[in-house]
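This report refers to the structure that appears directly beneath it.
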4 protein chains.
Amino acid sequence: MARATQTTGTPGTGRPAARHHGNRHGRSEQARLAVLNAADDLLVEKGFAGVTMEGIATRAGVAKQTIYRWWSTKTGVLMDAFLQDVAEDLTVRDHGDLARDLRTYLRELAWFLSSSDSGAVFRALIAHAQHDPAFAEDFRSRYLDDQRGRDRLPLERALERGELVPGLDLAAETDQLMGPVYYRVLVTGEPVGQEFTDRLVDAFLHRHGLTAPAKD
Amino acid sequence: MARATQTTGTPGTGRPAARHHGNRHGRSEQARLAVLNAADDLLVEKGFAGVTMEGIATRAGVAKQTIYRWWSTKTGVLMDAFLQDVAEDLTVRDHGDLARDLRTYLRELAWFLSSSDSGAVFRALIAHAQHDPAFAEDFRSRYLDDQRGRDRLPLERALERGELVPGLDLAAETDQLMGPVYYRVLVTGEPVGQEFTDRLVDAFLHRHGLTAPAKD
Amino acid sequence: MARATQTTGTPGTGRPAARHHGNRHGRSEQARLAVLNAADDLLVEKGFAGVTMEGIATRAGVAKQTIYRWWSTKTGVLMDAFLQDVAEDLTVRDHGDLARDLRTYLRELAWFLSSSDSGAVFRALIAHAQHDPAFAEDFRSRYLDDQRGRDRLPLERALERGELVPGLDLAAETDQLMGPVYYRVLVTGEPVGQEFTDRLVDAFLHRHGLTAPAKD
Amino acid sequence: MARATQTTGTPGTGRPAARHHGNRHGRSEQARLAVLNAADDLLVEKGFAGVTMEGIATRAGVAKQTIYRWWSTKTGVLMDAFLQDVAEDLTVRDHGDLARDLRTYLRELAWFLSSSDSGAVFRALIAHAQHDPAFAEDFRSRYLDDQRGRDRLPLERALERGELVPGLDLAAETDQLMGPVYYRVLVTGEPVGQEFTDRLVDAFLHRHGLTAPAKD
DNA sequence: GTGTAAGCGAGACGGTACGTCAAGTCTTCCG
DNA sequence: CGGAAGACTTGACGTACCGTCTCGCTTACAC
């Protein structure tokens with residue numbers, strides 16, 4: 001769970017080395033990272049109910065007030081922790097071939113959602129989003145919209161390559177591919193194996209008159 | 001959210017009216033119903049965080065101890081409340097025609113999940129299931145397994161009628177139909193309109209060499 | 001610091017033995033006493049700043065909430081603790097002789113104020129009363145009015161015995177006797193020895209044409 | 001509460017106007033005065049509990065660190081504020097006549113203690129002194145000793161004039177005069193009217209064989 | 001005239017205690 | 001014996017100040 005050295009407020013902005021502990025240059029990078037790490041360690045170890053502001057503060061060796069200064073809720077902390085980790089865990093490969101791209105991506109998505117540490121945080125956050133509409137909105141704009149972009153990427157590339165006919169409703173097609181995976185993970189709790197994801201891809205290809213490649 | 005006056009223990013059994021507040025004849029039906037009603041009223045009014053054992057007790061006019069005597073957690077209460085309501089809200093019609101059955105059912109499922117009071121409780125429970133594996137297990141055996149049976153019903157009937165070829169993996173097919181609906185409701189939060197559900201049905205029919213009927 | 005078994009709310013009312021720990025019969029006598037003892041132990045050991053609600057709770061082995069259920073402030077706790085103790089520490093003797101009564105009483109008052117544990121609590125409370133007018137009001141009606149009654153007692157008895165002429169402003173006379181003692185204790189911090197108190201009595205006696213007895 | 005532009009360190013020394021915000025020549029007079037004013041404004045407006053280092057800093061437009069650089073506690077600040085004000089509020093007049101001097105002085109003392117802004121600060125400080133022996137010591141050496149000197153002044157002058165016989169225990173006599181005034185202000189909270197202070201003076205005069213003058 | 005060092009405003013930091021809320025347990029009395 | 005009442009311990013909440021710290025700015029003397 002290595003973390004990039006970035007502020008929350010201005011994500012992506014590089015920043016000079018931070019050795020200070022609180023001064024007019026703003027927040028302590030050290031405290032920020034300690035908080036984020038403590039939060040998702042606690043989530044993985046003790047589950048969502050085991051994540052408390054008090055617990056995060058203690059484990060991070062940080063004052064509670066320092067957490068409240070920068071985040072308003074524990075789910076806010078978890079979201080930031082998640083956003084920093086997730087980039088590493090889920091990337092979209094480009095093999096120049098739609099079938100392979102989809103197969104690979106769906107397998108990795110299934111693994112990410114059901115088996116990775118980040119996936120555990122994701123499930124916790126998506127669960128919390130059901131209880132809290134404002135959080136849901138925030139989570140969508142900060143993560144899910146990007147994620148849907150990534151989900152759509154293989155199809156967009158295929159469109160550009162001419163593998164798919166123009167005029168397709170990419171959003172709806174993507175939902176048909178991804179939906180069942182999320183469904184199994186979040187609702188039924190069944191394992192999402194390769195056969196399952198491959199079958200989703202096959203159905204998609206068949207639907208668009210493409211042939212499934214041999215199993216890899 | 002009308003509730004039948006039935007005990008949990010002996011569902012369907014008629015029983016003499018029970019208006020007592022404490023007697024030697026077993027639990028008070030009145031208290032039980034008051035608790036269940038209070039719980040989902042609170043959920044609908046104030047959201048999941050607004051449901052507390054203390055709040056339920058106060059609103060139901062019941063002692064906290066009485067709740068703890070019969071349920072161990074507030075989610076247990078909500079589950080019982082949900083189970084009693086849900087039967088009324090989601091039924092599977094049989095038109096003797098797969099295409100119509102599926103279209104109708106998916107529309108109703110979408111409405112149930114996203115717009116009904118019971119759907120709100122469902123979302124709360126499925127969310128809680130992400131945080132609590134034991135509860136997830138319980139929720140599946142007490143509700144979701146039945147629900148998946150209902151989801152599969154149109155396909156099973158079609159199989160019997162010969163509309164579908166035998167040997168189909170019904171579970172996987174059902175997941176492809178239902179998954180995207182749950183996905184939109186739980187994850188993206190987008191509205192799940194008729195076009196979306198109809199498209200899912202069309203894809204299914206096309207996949208199995210059936211023709212889509214005219215729009216209704 | 002033995003404490004009588006009385007409620008705060010209805011002081012003086014006897015109450016049946018209390019073995020319970022919280023039930024519909026009302027508060028736990030055990031908890032109440034533990035809190036009062038903890039409070040004045042802390043005061044004596046660590047001073048006023050060392051008395052915190054949290055500290056009282058911990059030392060008394062009681063939940064913070066239990067303290068807040070019955071008292072609203074730490075000074076409220078200290079006042080109750082003080083009221084229970086004070087009766088034992090300061091009594092007015094009756095020798096049937098004004099001079100002796102006054103001498104004895106002023107010596108004991110000086111000792112009480114400057115050297116007893118209860119006196120330490122008294123000083124803390126009178127100090128707090130300077131900061132908090134509502135508390136001052138409460139302290140006066142719950143303690144000081146009685147205390148002034150006790151202070152006046154020797155003079156009243158002397159009046160009845162005919163040692164003093166009727167029509168005396170007892171309040172003002174008492175203030176002249178007691179005031180310098182409080183002044184030394186609260187303001188100058190000087191020791192209040194026997195010479196000092198005896199001199200006050202002598203001045204009083206001289207002022208009213210009485211002769212001072214031989215030193216005892 | 002006008003304040004002279006003087007440092008604490010070198011009271012009475014005139015100094016050039018200092019409007020700077022930071023230099024190598026020592027502290028900012030502007031900051032010092034802002035702090036003292038803020039402190040006793042807060043005391044008068046919100047009471048002792050309303051005086052916080054943070055609040056003083058904010059109201060004075062000064063950094064907290066600047067306060068801590070020159071004072072170690074908020075009561076230290078209040079004491080300095082008090083010392084600067086008090087000189088103006090309580091002076092001892094010399095009419096060349098003991099009876100008049102005492103009457104005037106006791107009336108002014110009573111007014112000072114119970115009704116002036118400085119008196120409010122005095123009461124807060126004497127209260128705090130009950131809780132903090134080190135502070136008490138400091139308060140005595142920085143203020144109370146001087147004050148007792150002022151209190152004694154009328155008697156000393158009378159001694160020099162021959163109105164009183166030599167060999168008198170001035171300290172004890174002063175305590176008998178002043179004590180009841182402080183007692184009423186600090187303990188009973190009763191108003192200290194002219195009748196009360198005049199009566200104290202009359203008793204003193206009578207005790208020393210002097211005649212009370214006509215009422216003025 | 002320029003560097004350097006002190007005082008300053010600013011404000012983040014690790015803490016302690018605050019007063020509140022709900023959880024889950026217990027004990028009693030009533031019907 | 002179930003239920004109403006409600007006191008109890010526990011633990012987390014979010015807030016307010018504490019006293020410490022680091023920083024960059026603003027001087028005015030010392031070189």
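FYI, side chains are in, hydrogens and waters are out, and symmetry mates aren't considered; it's all heavy atoms of this structure. Residue numbers start from 1 in every chain, and the chains themselves are labelled A, B, ... in the order their sequence lines are given, proteins ahead of strands.
For the pair B/I56 CD1 and E/dG24 C1', the interatomic distance rounds to 14 Å; values are reported in whole Å. For A/Q30 and F/dC21, the CD to C1' distance is 13 Å, given to the nearest whole Å. Going from atom CH2 of B/W71 over to atom P of E/dG24 covers 15 Å, rounded to whole Å. Residue C/F48 contributes atom CZ, which lies 14 Å from atom C1' of E/dA17 at whole-angstrom precision. Here the C1' atom of nucleotide F/dG11 and the NZ atom of A/K46 are 12 Å apart, to the nearest Å. Summarising the geometry, the separation between CD1 on A/I67 and P on E/dG15 is reported as 12 Å, rounded to the nearest angstrom.
Between the side chain of B/R69 and the base of F/dG3 there is at least one donor-acceptor pair of N/O atoms closer than 3.5 Å.
In this structure, C/K46 contributes its side chain and C/V51 its backbone to no donor-acceptor pair below 3.5 Å.
Contact check on B/D80 versus B/R142 returns a salt bridge, with a Lys/Arg side-chain nitrogen under 4.0 Å from an Asp/Glu carboxylate oxygen. The existence of a salt bridge linking C/E45 and C/R59 is confirmed by a sub-4.0 Å separation between a basic side-chain nitrogen and an acidic carboxylate oxygen.
The aromatic rings of C/H131 and C/H128 sit perpendicular, their planes meeting at an angle over 60°, well past the 30° parallel limit.
Within the 4.5 Å cutoff, the side chain of B/L43 has heavy atoms near those of the B/F48 side chain.
For B/R32 and B/W70, the positive end is not near the middle of the six-membered ring at less than 6.0 Å and at most 45° from its axis.
For E/dG14, one of the phosphate oxygens OP1 or OP2 lies less than 4.0 angstrom from a side-chain nitrogen or oxygen of A/T66. Here A/W70 does not reach the OP1 or OP2 of E/dG11: none of its side-chain N or O atoms lies under 4.0 Å away.
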Self-check item: Contact pattern, 5' to 3', of nucleotides 12-18 of chain F - B, S or - by protein heavy atom under 4.0 Å
Solution: BBBBBBB
